Asker: 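Below are the structure tokens for one structure; questions will follow.
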Amino acid sequence: MEKLRATSSLRRSLKSILNRQLSSISEIRYLNGKRSCQPTFSLIRDYKSLGEANAIRYRCFSSVSTVVQRNPSFSTLNSDDISYFKRLLGEKSVIQDEDRLETVNTDWMRKYKGSSKLLLQPRSTEEVAQILKYCNSRCLAVVPQGGNTGLVGGSVPVFDEVVVNLGSMNNIISFDKVSGILVCEAGCILENLISFLDNQGFIMPLDLGAKGSCQIGGNVSTNAGGLRLVRYGSLHGNVLGLEAVLANGDVLDMLGTLRKDNTGYDLKHLFIGSEGSLGIVTKVSILTPPKLSSVNIAFLACRDYSSCQKLLMEAKRKLGELLSAFEFLDIQAMDLVLNHLDGVRNPLPASMHNFYVLIETTGSDESYDREKLEAFLLSSMEGGLISDGVLAQDINQASSFWRIREGVPEALMKAGAVYKYDLSLPVEKMYDLVDDMRTRLGDLARVIGYGHLGDGNLHLNVSALQYDDKILEQIEPYVYEWTSKHRGSISAEHGLGLMKANKIYYSKSPETVKTMGSIKKLLDPNGILNPYKVLPHSLDS
Amino acid sequence: MKIMVAVKRVVDYAVKIRVKPDKSGVETQNVKMSMNPFCEIALEEALKIKESGLAKEVVAVSMGPSNCVDTLRTGLAMGADRAIHVEASRDLVPLTVAKLLKKLVEVENPGLLILGKQAIDDDCNQTGQMIAGLLGWPQGTFASKVVLDKEKQVATVDREVDGGLETLCLDLPAVITTDLRLNQPRYATLPNIMKAKSKPIKKITPEELNVDVKSDLEVVQVTEPPKRKAGVILSSVDELIDKLKNEAHVI
Ligand SMILES: Cc1cc2nc3c(=O)[nH]c(=O)nc-3n(C[C@H](O)[C@H](O)[C@H](O)COP(=O)(O)OP(=O)(O)OC[C@H]3O[C@@H](n4cnc5c(N)ncnc54)[C@H](O)[C@@H]3O)c2cc1C
């Protein structure tokens, strides 16, 4: 009895800090579940009807008001459509219930809201193919949806598009222990794949804060980067094959499991990162690395940004083969996490530091790896690059360090309105932008910088009590112009979605965008797949 | 005053435990090992007492195979002054650990001996009580608060008991075992990790301490608890009633 009590009380008390995964999932579920009592709910864009019922004005998304018009060539749903889908999928997979539609119509940030009247939940590739074939023939617009954790308004309808959610296609098809190749359906939740592989002694080559909700199909469609990219590279390298359904219902079987295959154009890459605008990904084959037993995590403080940068260079050189994550956050981000998330404590409480860096190493020899990391950290400390730091002594401590870094998006959500920018920039220039934004915004809003320093990926966030045009005018187009001037990317990993569809020219040449338009036209002539997203609206006319 | 703290190396709390195929025990090969969480709390308490000026030295002790030294290094990096490693290749049962500790106490003469209330691997919850018995010292187990009075040489200990708190006054020297809510252990900072490298770890064997590590206990078999069956989502109340009646036979 005592034993039981003791163990369960230990479990209870450690739970909150122990499992960073758990807390991040439950957070997402919490937000999804209790929308009406969330203060942020009222912050959803006030969509202004401009007289015309079918126009939506995204006042605050860009400094120049953009008006998105519903494409009049799309049909609207009628009762025949509904009966068709019911016959095809069965009653249970055709959802018209208001509450459930509310969830799929609203994005994670509660910033974008559509008014779809229909959610379809296919269970097989054939069903997806039939759905698309029908929608294409009827000219019904479709939004492919995974876990709906996307951050650029790509995963929710803009108007009344039919939502096709892949959540019911969540089977693992095969796993080859020799090669580490996993084949699964697109609706598998990332975290479930991670735990499945864990039992087999493997890991997913990507990991991100939204793992409890996001689906592998969504990850592939957004070409998600995440926390381990510095080690395992992007999904363009790790995805070996996929199966996708085109707008007309044709199924492209590219589900290879070969590491090398140079036969013609490698079309699968078109579907990696095209955000559901070219087809619906239904199956994925992915190369997974073996799970190595020794993982070490250090949480460090740096005096200034240039130290963070030098530390990165040193880490790449001296930890080389072991380095599996190099993340940073500034004092403003830390402050936000400490103030808005329960159970999080600063591992370096003595005083606040300007920058925090999280370094993770993954290797196969516990004592060698640890010694190597310790030696690196101690010499960096002596050299003045690190002003203070802690090294996790157990998994619980490691999780609590990760919780801080992964908790930043959540903390930002809780703090009120947030303008998010996900930029690729040369590492040495990266933080200048944050400083510039602080000067521009002054007391108007808080500017927060964090991200995947190891990949040159800055998450620039502007946090305010509420959305305000005055703030937005100071940010856009300044941020985009700044990024373009430094030959950076205005979307490092989140994609363009609705938020940045019209901003693509800041990072891509007109000729490139035009070619993208031709590919879109070829694969989806009626433009039914995820309309208004990814490509600039000017291409439609 | 000197405080002695016993720390155990166990399979990390967050690791999913796997039973060895031959059912002789739990898999520990290639598994992340860490300091028992209750021992971390014990060490933290000792360090706090030292920092408040009521103790001069904190000595961490661990018993077991050679890599217990890693756990002791963690203890030293948290702030212990020195460490003792009793090297033993076989599994030690609580009574043996208590006997070994008694010998060390006789050499070191600490004013306070702090242990975790139990280790999360075998969940025995016996060592603290046994060593108190062997030494004839007073014991305060499951401590959730410890207050020392240097002048009177007593420790006041709040214990978590079912339904409330019990407050005990112990004459020093005494044995205290720690509960979860006693404190929040500190992290090992880089400067302290660096300092720990030069702190001494003394090795000693059970033979040198004149303790026979053979035990009368034998583990017959270790098995996993039965797997919980997956739940099902029912679509209607009628279906639920039907299942409760005809499958579960509870109504
Ligand atoms: C807390 C948090 C942390 C995050 N961290 C990171 C991070 O570190 N790195 C990173 O890159 N991103 C991050 N993201 C955003 C990231 O893009 C998504 O989390 C994830 O990759 C999207 O997966 P999803 O299943 O939720 O897709 P959704 O949000 O549902 O969809 C995203 C896009 O993909 C399309 N899509 C979805 N499924 C399919 C499919 N089967 N076929 C075709 N198109 C499809 C949608 O139409 C949409 O355009 C984070 C998000 C959150 C909320």
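Predicted, not measured: the structure shown is a model, and the values here were computed from it. Quick note on labels: first sequence line is chain A, next is B, and so on, each numbered from 1. Keep in mind that the numbers below use all heavy atoms, side chains included, and drop hydrogens, waters and symmetry copies.
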Asker: Please look at Gln393(A) and chain B and tell me whether the side chain, the backbone, both or neither of the residue comes under 4.5 angstrom of a heavy atom of that chain.
Answerer: both
Asker: Go through Pro185(B), Ala188(B), Ser34(B) and name the one with the most non-hydrogen pairs under 4.5 angstrom from chain A.
Answerer: Ala188(B)
Asker: Just checking, any donor-acceptor pair under 3.5 angstrom between side chains of Glu185(A) and Asn171(A)?
Answerer: yes
Asker: At a heavy-atom separation under 4.5 Å, does Arg73(B) approach chain A through its side chain, its backbone, both, or neither?
Answerer: neither
Asker: Please tell me whether Phe299(A) and Tyr187(B) form a close aromatic pair, meaning their ring centres lie under 6.0 Å apart.
Answerer: no
Asker: Keeping the roles fixed (side chain from Ser93(A), backbone from Gly90(A)), state whether a donor-acceptor pair exists under 3.5 Å.
Answerer: no
Asker: Between Leu300(A) and chain B, which part of the residue has a heavy atom less than 4.5 Å away: side chain, backbone, both or neither?
Answerer: side chain
Asker: Taking the basic N atoms (NZ, or NE/NH1/NH2) and the acidic carboxylate oxygens, is any pair closer than 4.0 Å for Asp81(B) and Lys199(B)?
Answerer: no
Asker: Count the heavy-atom pairs under 4.5 Å between each of Gly389(A), Ala392(A), Ser293(A) and chain B, then report the option with the highest count.
Answerer: Gly389(A)
Asker: Using a strict 4.0 Å threshold on nitrogen-to-oxygen distance, state whether Glu57(B) and Lys50(B) make a salt bridge.
Answerer: no
